[in-house]
2 protein chains.
Amino acid sequence: MGRITINDVAKEASVSKSTVSQFLNNRYEYMSEETRGKIAKAIEKLNYQPNIVARSLKQKSTKTIGVIVANIVHTFSTHIINQLEMHFHEQGFNIMVCNAGDEPKREREHIEMLIAKQVDGIIAFPTGGNIDLYKRLYESRFPIVFIDRKIDSLPIPSVLLDNLLASSMAVDAFVKKGYKQIAIITNSIDQPITPRIERLAGFKEALEKQGLPITEQHIKAVPVDEVQETIEMLMKDIKPDAILAANDRVLIELLRYVRKKGLKIPQDLGVIGIDEVPYASFFEPPISTIEQPADQIALQASTILVKQISNQYESNSQSIYRFDPLLNERQSY
Amino acid sequence: MGRITINDVAKEASVSKSTVSQFLNNRYEYMSEETRGKIAKAIEKLNYQPNIVARSLKQKSTKTIGVIVANIVHTFSTHIINQLEMHFHEQGFNIMVCNAGDEPKREREHIEMLIAKQVDGIIAFPTGGNIDLYKRLYESRFPIVFIDRKIDSLPIPSVLLDNLLASSMAVDAFVKKGYKQIAIITNSIDQPITPRIERLAGFKEALEKQGLPITEQHIKAVPVDEVQETIEMLMKDIKPDAILAANDRVLIELLRYVRKKGLKIPQDLGVIGIDEVPYASFFEPPISTIEQPADQIALQASTILVKQISNQYESNSQSIYRFDPLLNERQSY
DNA sequence: TTGTAAGCGTTATCAT
DNA sequence: ATGATAACGCTTACAA
């Protein structure tokens with residue numbers, strides 16, 4: 001098994017290997033019932049499996065897609081991977097999953113490896129580094145779609161959340177309930193990451209629109225492992241009455257802190273998290289979240305990529321695809 | 001980019017392609033400083049990337065591993081995938097992730113596709129179907145490692161939790177606190193799945209050892225979407241004072257039910273879940289879990305697979321690798 | 001309707 | 001120290 005080739009089948013069926021190849025590719029048009037049967041029997045008997053590597057070399061298509069996530073620890077990444085696996089599988093593709101761990105260097109290595117392995121396309125959550133590389137790929141018309149982030153200088157199709165709206169939905173929700181001292185916490189990374197930047201910008205904008213004062217003290221961007229101490233400072237300092245957790249990781253830290261201090265949500269602190277989390281609905285109290293429509297995002301991205309691969313994609317169309325967040329109103333604010 | 005081959009490099013550097021190949025494979029031994037420089041420059045200039053598909057065809061190694069999970073919805077699967085990606089990446093392999101969705105048919109298609117794509121090895125959470133296929137692979141000495149499940153008739157290395165111990169740890173913990181009416185709920189699938197069977201068996205055994213009566217009414221195996229109604233019946237029926245959720249999906253349903261009914265944990269109901277969940281530590285109350293050492297399991301599995309691939313694996317050694325669960329004692333019982 | 005032969009981009013063997 | 005040449009297993013004109 002695996003060892004046996006089209007030649008063995010040809011011999012077994014006493015036909016030429018090109019005939020077998022025809023058979024394999026379902027080109028029965030000019031094939032006699034008899035040969036067809038012989039070949040089928042030979043394949044069955046030898047338990048033949050075509051070598052797709054050889055086929056790929058010839059056809060210049062591997063039917064595999066590279067997926068590079070910025071950081072696999074986010075539930076969003078995982079969710080997207082699951083959905084991509086499903087959609088691409090339906091389209092006859094396998095996916096190679098790579099994790100950049102927020103490091104541009106690892107991202108670059110992954111991209112180069114994927115290209116070397118001749119994947120038919122790449123879906124990436126770009127770290128923000130490697131713009132040059134993506135530029136080269138774009139210029140050579142290599143199929144790429146970005147998810148979650150975009151690179152402003154490149155018209156690569158990017159499928160992402162309307163982050164400004166996400167933040168403002170949260171702020172508006174808070175304000176409606178009477179919260180006045182609203183803070184936002186996001187985890188920082190070296191690179192300027194689209195969702196972080198946009199969520200921060202949206203937050204400021206929304207506060208402004210609501211006529212609330214904006215101070216830098218209400219806006220914190222720190223590494224995940226510093227989130228707790230940051231909240232601690234925040235609580236001592238400006239005493240916010242509501243906090244927006246900019247993603248699922250931050251939300252966890254926030255909830256840990258709340259429990260550690262015995263705070264009551266929403267009485268002592270209003271909480272909203274961006275990114276839906278599995279426990280939100282049965283938490284005490286249920287946590288309100290701003291959900292990214294990950295399913296739609298993954299579907300859109302895979303659809304565009306498949307179109308690019310089959311040259312069906314109109315590159316003159318818009319390159320940014322925004323999806324509206326969904327507010328899951330629960331009882332945490 | 002991608003379009004240019006070793007021939008182009010050879011021409012650019014005015015050497016033969018075999019020399020370039022030597023260079024690419026770091027066989028500098030008999031190579032003059034000069035040619036080395038020329039080739040390096042040409043590669044740089046042309047931005048050459050070797051075609052690994054062609055290399056794979058020749059070398060019969062793709063440096064990629066197929067990973068087939070039974071069902072990607074479990075946090076355990078996701079956790080394992082993340083760890084495998086990391087370990088294999090360190091060893092120079094990429095992973096192709098496939099989801100069988102608990103369907104043997106899909107599993108079979110995935111295996112066949114992976115074999116056709118000439119992966120160097122497979123890590124699988126076998127659904128329980130396709131024993132024949134695995135048998136063939138095993139007999140042809142194809143590198144495979146199972147995670148989470150085993151197939152009794154096949155000596156394929158299998159890395160999994162000591163499920164008996166996991167159940168008994170839970171039962172013992174419950175008993176120690178005075179619980180008497182202990183039930184277990186697992187989600188059923190058609191096939192006889194190792195962890196389910198073993199956790200159920202371990203549960204019965206532990207009850208026996210504790211001198212508690214065993215009735216089939218305390219043991220429920222139903223599809224996830226029927227878990228809630230099953231608990232409902234259970235509560236009306238035998239009124240358990242403690243429930244062991246056999247995995248993370250069941251735990252979620254259980255917690256949903258508890259919240260819906262306004263039950264108090266642990267006063268009204270003791271709860272332990274097998275599988276660690278992200279929210280366990282800051283839930284109200286913190287949920288006790290029996291954690292699978294996913295990191296160790298993934299490491300062990302990848303290590304064995306890599307050994308098999310490089311013929312370093314002693315197949316006469318044991319084929320079942322058990323890992324001890326870890327009880328995270330929190331306040332839910 | 002089926003077979004021959006070239007070619008995909010490498011690596012590997014063997015000359016030179 | 002470097003180059004010709006034959007594989008690797010398949011597809012695809014083109015011949016027959």
Side-chain angles (χ1 to χ4, degrees), chain A residues 1-40 42-43 46-64 112-120, chain B residues 1-40 42-43 46-64 112-120:
Chain A
M1 162 155 230
R3 303 280 53 179
I4 79 127
T5 80
I6 201 173
N7 269 309
D8 302 317
V9 176
K11 248 170 242 165
E12 177 73 27
S14 13
V15 295
S16 80
K17 67 175 183 174
S18 36
T19 308
V20 177
S21 177
Q22 302 286 72
F23 178 93
L24 291 175
N25 294 284
N26 298 319
R27 306 197 60 69
Y28 300 130
E29 335 199 337
Y30 303 112
M31 200 175 300
S32 71
E33 226 7 279
E34 196 201 343
T35 11
R36 190 144 64 171
K38 283 194 297 182
I39 296 176
I43 287 179
L46 300 177
N47 213 281
Y48 169 72
Q49 285 285 136
N51 180 330
I52 296 191
V53 171
R55 171 184 296 170
S56 297
L57 178 58
K58 181 70 193 183
Q59 295 191 156
K60 293 164 169 352
S61 161
T62 53
K63 282 291 183 180
T64 112
E112 285 172 347
M113 177 53 76
L114 291 172
I115 296 296
K117 288 198 171 171
Q118 312 294 116
V119 294
D120 291 346
Chain B
M1 161 157 232
R3 303 281 51 181
I4 78 126
T5 80
I6 202 174
N7 269 311
D8 303 317
V9 175
K11 246 169 243 165
E12 176 72 28
S14 16
V15 294
S16 81
K17 67 176 182 173
S18 8
T19 308
V20 178
S21 177
Q22 302 285 75
F23 178 93
L24 291 174
N25 294 283
N26 300 318
R27 307 200 57 70
Y28 300 131
E29 335 198 339
Y30 303 112
M31 201 174 298
S32 72
E33 229 4 283
E34 196 199 341
T35 17
R36 191 145 65 173
K38 283 194 299 186
I39 295 176
I43 287 178
L46 300 178
N47 212 282
Y48 168 73
Q49 286 283 135
N51 179 330
I52 295 192
V53 171
R55 171 182 297 171
S56 298
L57 178 59
K58 183 70 193 178
Q59 296 191 153
K60 295 163 173 345
S61 161
T62 52
K63 282 290 182 181
T64 111
E112 285 172 348
M113 177 53 77
L114 292 172
I115 296 296
K117 287 197 172 172
Q118 312 293 116
V119 294
D120 292 345

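Letters A, B, ... mirror the listed sequences (proteins, then strands); counts begin at 1.
An OP1 or OP2 oxygen of dC8(C) is reached within less than 4.0 angstrom by no side-chain nitrogen or oxygen of N51(B). One finds a side-chain N or O of K60(A) lying less than 4.0 angstrom from the OP1 or OP2 phosphate oxygen of dG9(C). Side-chain N/O atoms of N7(B) include none lying less than 4.0 angstrom from OP1 or OP2 on dG9(C). Close to dT11(C), at under 4.0 Å from its OP1 or OP2, lies a side-chain N or O of S21(B).
Regarding R55(B), its CZ atom lies at a distance of 17 Å from the C1' atom of dA7(D), rounded to whole Å. A straight line from CD1 of I52(A) to P of dC10(D) spans 10 Å, rounded to a whole angstrom. Distance N25(A) CG to dA13(D) C1': 15 Å, rounded to the nearest Å. Taking atom CZ on R3(A) and atom P on dC8(D), their separation rounds to 10 Å, with Å as the unit. Taking atom CZ of F23(A) as the reference point, atom P of dT12(D) lies 17 Å away to the nearest angstrom. The nearest whole Å value for the distance from the NZ atom in K58(B) to the P atom in dC10(D) is 15 Å. One can place CG of L57(A) at 12 Å from P of dC10(D), the figure rounded to the nearest angstrom. What separates CD of Q49(B) from C1' of dG9(C) is a distance of 14 Å, to the nearest Å.
Q118(A) has its side chain out of reach of S56(A): every pair of non-hydrogen atoms, C-beta onward, lies at least 4.5 Å apart. Within the 4.5 Å cutoff, no side-chain heavy atoms of I52(A) are placed close to those of T62(A). Counting only heavy atoms from C-beta outward, the side chains of N25(A) and R55(A) approach each other to under 4.5 Å. Counting heavy atoms from C-beta outward, N51(A) and L57(B) have side chains that approach closer than 4.5 Å.
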Verify side chain to side chain contact (heavy atoms under 4.5 Å, CB included) between V15(B) and F23(B), making sure each step is shown before the conclusion. CA-CA 11 Å; V15(B) 294; F23(B) 178 93; over 6 Å; no
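Under 3.5 Å, the side chains of S32(B) and T35(B) contain a donor-acceptor pair of N or O atoms.
Here OH of Y48(B) is found 6.5 Å from OG1 of T5(B). Values are rounded to the nearest 0.5 Å. Rounding to the nearest 0.5 Å places CG of D120(A) at 12.0 Å from NZ of K60(A).
Legend: residues meeting side-chain hydrogen bond (donor to acceptor under 3.5 Å, both in side chains) with K117(A), ordered by chain and number and at least two apart, are N94(B).
End-to-end axis angle of the helix from dT1(C)-dA16(D) to dT16(C)-dA1(D), using five pairs per end and rounding to 10°, comes to 40°.
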List every contact pair, protein side and nucleotides 1-4 of chain D side both N or O, where the distance is under 3.5 Å.
residue: dT2(D); atom: OP1; partner: S32(B); partner atom: OG; Å: 3.0
residue: dT2(D); atom: OP1; partner: T35(B); partner atom: OG1; Å: 2.8
residue: dT2(D); atom: OP2; partner: S32(B); partner atom: N; Å: 3.1
residue: dT2(D); atom: OP2; partner: T35(B); partner atom: OG1; Å: 3.0
residue: dG3(D); atom: OP2; partner: S16(B); partner atom: N; Å: 2.6
residue: dG3(D); atom: OP2; partner: S16(B); partner atom: OG; Å: 3.3
residue: dG3(D); atom: OP2; partner: T19(B); partner atom: OG1; Å: 2.8
residue: dA4(D); atom: N7; partner: S18(B); partner atom: OG; Å: 3.2
residue: dA4(D); atom: N6; partner: S18(B); partner atom: OG; Å: 2.9

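Along DNA chain D, the nucleotide nearest to L24(A) and the one nearest to Q59(B) differ in position, and the one closer to the 5' end is contacted by Q59(B).
Backbone-only engagement by Y48(A) is indicated by non-hydrogen atom pairs under 4.0 Å involving sugar-phosphate atoms exclusively.
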